Amino acid sequence: MRTIWDIIKAPVITEKALVAKEEAQGGRQLLTFRVDRRATKPEIKEAVERIFGVKVEKVRTINCRGKVTRRGRFEGRRPAWKKAYVTLKAGEKPVDYGEMV
């Protein structure tokens, strides 16, 4: 059986993700995580609620293809991964990624 730490791999720390996190639209905060490729939306929702102690309104996921890389004449591909956009319910406390226990 997978634990919550097997489902949530890491937060996505990009400029776009951090701007979306800071701009709470209608009091709702948007968090972005790198998750396990086999994780379902209900599993992601439960994991975020248990880790941060907040209520999740909805979860959107996207499968990201690995980039093609080259080293001289050798060509390969980075592994594919899954990203989850988690919207918190209005009025929830702001989440800091450093709070992950």
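Please read all numbers here as calculations on a predicted model, not as lab measurements.
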Table please: side-chain donor-acceptor pairs of residues 63-76 below 3.5 Å, with sequence neighbours left out.
from  : atom 1 : to    : atom 2 : distance (Å)
Arg70 : NE     : Gly72 : O      : 3.4
Arg70 : NH2    : Gly72 : O      : 2.8

To the nearest 0.5 Å, tell me how far [X] [atom1] sits from [Y] [atom2].
| X | Y | atom1 | atom2 | answer |
| --- | --- | --- | --- | --- |
| Arg28 | Leu88 | CZ | CG | 10.5 Å |
| Lys93 | Phe52 | NZ | CZ | 9.0 Å |
| Ile51 | Trp5 | CD1 | CH2 | 4.0 Å |

**Asked** Only one of Thr3, Ile4, Ile8 clears side chain to side chain contact (heavy atoms under 4.5 Å, CB included) with Asp6; which?
**Response**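 So, applying the side chain to side chain contact (heavy atoms under 4.5 Å, CB included) to Asp6 and each of Thr3, Ile4, Ile8, only Thr3 qualifies.
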
[X] versus [Y]: any side-chain heavy-atom pair under 4.5 Å?
| X | Y | answer |
| --- | --- | --- |
| Lys83 | Val35 | no |
| Val48 | Arg50 | no |
| Lys89 | Val56 | no |

**Prompt:** Is it true that Arg2 and Asp36 have a side-chain N and a carboxylate O under 4.0 angstrom from each other?
**Reply:**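 Between Asp36 and Arg2 there is a salt bridge, with a charged N closer than 4.0 Å to a carboxylate O.
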
**Item:** Cationic N near anionic O, under 4.0 Å, Arg38 to Glu43
**Value:**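 A salt bridge is absent here (no side-chain N lies under 4.0 Å from a carboxylate O).
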
**Message:** For the backbone of Thr32 and the side chain of Lys21, can you confirm whether one donor and one acceptor N or O come within less than 3.5 Å of each other?
**Reply:**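 No, because the side chain of Lys21 does not come within donor-acceptor range (under 3.5 Å) of the backbone of Thr32.
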
**Message:** When you measure from the side chain of Gln29 to the backbone of Val95, do you find a donor-acceptor pair of N or O atoms at a distance under 3.5 Å?
**Reply:**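 Checking the backbone N and O of Val95 against the side chain of Gln29, a donor-acceptor pair under 3.5 Å is found.
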
**Request:** Before giving the answer on side chain to side chain contact (heavy atoms under 4.5 Å, CB included), spell out for Val59 and Lys45 the whole-Å C-alpha distance, their side-chain angles and the decisive distance to 0.1 Å.
**Result:** CA-CA 7 Å; Val59 177; Lys45 178 179 178 179; 4.0 Å; yes

**Request:** Apply salt bridge (Lys or Arg N to Asp or Glu O under 4.0 Å) to the pair Lys55 and Glu49, showing each step before the final yes or no.
**Result:** CA-CA 6 Å; Lys55 294 293 181 183; Glu49 287 178 347; 5.2 Å; no

**Asked** What residues join Tyr85 in its hydrophobic cluster, counting side-chain heavy atom gaps under 4.5 Å, either direct or through other members?
**Response**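 Members besides Tyr85, by chain and number: Leu30, Ile62.
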
**Prompt:** If you draw the axis of the six-membered ring of Trp81, does the NZ or CZ of Arg34 fall within 45° of it and under 6.0 Å from the ring centre?
**Reply:**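 Geometry flag: set, cation within 6.0 Å and 45°.
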
**Request:** Determine, step by step, whether Ile44 and Thr61 satisfy the side chain to side chain contact (heavy atoms under 4.5 Å, CB included) criterion, reporting the C-alpha distance in whole Å, the side-chain angles of both residues, the deciding distance to 0.1 Å, and the verdict.
**Result:** CA-CA 10 Å; Ile44 296 168; Thr61 59; 3.9 Å; yes

